[in-house]
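All remarks here apply to the structure that follows.
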Amino acid sequence: MRLSRYFLPTLKDTPREAEVVSHRLMLRAGMIQQASAGIYSWLPLGFRVMKKIEQIVREEQDAAGWNEMLMPTIQPADLWRESGRYDDYGKEMLRITDRHDRDMLYGPTNEELITDIVRTHVRSYRNLPGRLYHIQWKFRDEVRPRFGVMRGREFLMKDAYSIDLDFDTARAAYNRQFVAYLKTFDRMGLKAIPMAADSGPIGGDMSHEFIILADTGESEVFCDRDFLDFDVGGSVPDYEDTGAVEGVVDYFTKLYARTDEKHDEATFEAEVPDIRRYRGRGIEVGHIFYFGTKYSEPLGARVTGPDGKEAVVHMGSYGIGVSRLVAGIIEASHDDAGIIWPESVAPFKIGLVNLKVGDADCDRVTEDLYAKFLQAGIEVLMDDSAERPGAKLAGMDLIGLPWQVVVGPRGVANGVVEVKNRKSGEREEMAAEAALAKLAA
RNA sequence: CGGGGUGUAGCGCAGCCUGGUAGCGCAUCUGCUUUGGGAGCAGAGGGCCGGCGGUUCGAAUCCGUCCACCCCGACCA
């Protein structure tokens with residue numbers, strides 16, 4: 001992509017309303033624009049990142065055996081009356097009336113809809129287990145939206161649902177999602193710690209929040225320091241091996257890690273040695289839980305079992321805040337100059353900077369590299385603007401692409417370009433061909 | 001939902017107390033000079049001073065009211 005043809009309105013100053021670093025950087029890097037409190041337009045750069053995150057989530061859900069689908073944003077109120085949540089949900093739910101004066105709502109979540117689908121089409125245990133997910137916009141009319149897209153009213157969320165005949169298979173589904181989450185966040189370069197969370201009226205130990213540690217986080221968290229440098233790496237087993245999957249879950253849940261609502265100081269001190277006790281704040285990026293028959297019972301989602309008797313299905317739901325992750329990743333990965341994207345979610349892999357547009361040699365070398373990167377299938381953003389060198393370099397640091405290839409008259413005269421790693425700050429001069437070989441690999 | 005605060009050019013702000021021709025920096029446009037870390041000089045464009053009502057000869061400024069947004073707390077993916 002040529003910067004001259006790319007809509008990237010970066011700012012030197014920080015808009016006043018932005019308090020936390022991810023919000024500031026997203027505004028400065030031209031990723032989002034606020035439309036209203038907690039509601040944002042996603043500009044091209046921000047949209048690209050969100051799509052990358054969404055795709056990783058999608059791939060891992062598919063790998064874990066879930067089927068992607070899409071449910072609507074606008075839902076009929078009647079379904080929510082059936083589950084009893086229409087009155088319970090309160091003002092957080094955005095209620096709408098259509099032209100026929102029917103009560104509708106902009107969905108804050110999708111349990112009712114999925115349960116409706118299940119009760120319509122799933123009549124026999126032979127149709128189970130059900131493994132469905134979608135990635136869709138939700139709306140919760142938060143009293144006080146804040147921190148940019150971190151706590152918006154409108155947000156993009158992946159929510160998956162499991163439908164099973166009994167508790168054991170439901171637990172297996174839960175475990176698979178648990179492992180899929182470990183892998184998903186790991187691919188984004190995040191350390192997301194699974195923490196025991198409040199499971200609501202169902203009880204039990206089948207509810208975990210995945211938390212990335214950050215001072216700006218909204219949840220107070222307590223965990224064993226051993227979690228701070230755990231490595232998911234090789235611990236993802238074959239999903240079909242139920243025992244191995246359970247083993248991974250056991251491994252990651254045996255150490256103490258709880259959010260404040262489940263935290264128990266006495267247990268914490270008893271189980272975790274003094275020096276390993278970590279107290280801090282975190283951002284919730286995922287939440288999985290088993291809720292049994294909470295919705296299937298009132299909505300009448302039943303199947304005929306192998307014994308010929310009807311049974312109410314067991315369900316679980318598994319959420320990931322996709323739009324929130326964009327901000328979460330920035331909170332976890334930035335410096336004074338700007339964002340530092342992990343390569344897996346970076347909007348472009350390379351920022352190719354022509355320091356002196358109009359200089360025949362610089363133009364030639366830059367254009368040649370640009371064409372070759374494209375040919376190699378590399379995502380590259382070429383700064384072909386007439387800005388000054390300082391402005392270009394500062395702009396590149398701000399938007400945080402993993403690699404910068406800088407073509408300037410000084411280097412070109414010596415037959416070299418500069419390759420800079422955004423994260424380490426390391427710069428290396430090499431021939432253009434060498435840069436191509438290094439980065440197109 | 002309680003408490004606090006802010007609305008003036010695209011962005012950041014001054015002016016308001018003490019009413020009298022709407023300003024500064026950045027950005028934008030033109031020209032020249034510059035070209036390896038957010039350039040310099042010269043010029044130009046850009047405003048219903050959040051909305052409505054009031055006081056006054058006269059309101060960005062004083063009064064009332066509504067709206068929007070932000071911050072702190074309580075609540076949430």
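Naming: A, B, ... by sequence-line order, numbering from 1 per chain. Just so it is clear, the structure is predicted and the values come from calculations on it, not from any experiment.
In the set B:C1, B:C70, B:C76, B:C70 carries the atom at the smallest distance from any side-chain atom of A:Ala37.
With respect to A:Lys349 and A:Glu343, a salt bridge is recorded, a charged nitrogen being found less than 4.0 Å from a carboxylate O. With respect to A:Arg422 and A:Asp335, a salt bridge is recorded, a charged nitrogen being found less than 4.0 Å from a carboxylate O.
Whole-Å rounding puts the A:Arg281 CZ to B:C76 C1' distance at 14 Å. Between the C1' atom of B:C76 and the CD atom of A:Glu220 lies a distance of 16 Å, rounded to the nearest Å. Regarding A:Glu142, its CD atom lies at a distance of 15 Å from the P atom of B:A74, rounded to whole Å.
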Under a 4.0 Å heavy-atom criterion, the protein footprint on nucleotides 22-38 of chain B, written with B, S and -, is ---BSS------BBBBB
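Taking the ring axis of A:Tyr86 as reference, the NZ or CZ atom of A:Arg81 stays within 45° of it and closer than 6.0 Å to the ring centre. Cation-pi check for A:Lys191 over A:Phe230 is met; the charged atom lies under 6.0 angstrom from the ring centroid and within 45 degrees of its normal. Because its NZ or CZ atom is both nearer than 6.0 Å to the ring centre of A:Phe348 and within 45° of the ring axis, A:Arg48 counts as a cation-pi partner of that residue.
If you check every strand for non-hydrogen atoms under 4.0 Å, A:Ser323 touches nothing. A:Gly90 comes within 4.0 angstrom of nothing in the nucleic acid, heavy atoms only. Backbone-only contact: A:Thr14 has heavy atoms under 4.0 Å from sugar-phosphate atoms and none from a base.
In terms of position on RNA chain B, the residue among A:Gly286 and A:Ala35 whose nearest nucleotide sits closer to the 5' end is A:Ala35.
With hydrogens and angles ignored, no donor-acceptor pair under 3.5 angstrom links the side chain of A:Arg146 to the base of B:C69. Remark: the A:Arg144 side chain and the B:C75 base include no donor-acceptor N/O pair separated by less than 3.5 Å.
Atom CD of A:Glu426 sits in a sparse spot, with 12 or fewer heavy atoms from other residues, nucleotides or ligands closer than 6.0 Å.
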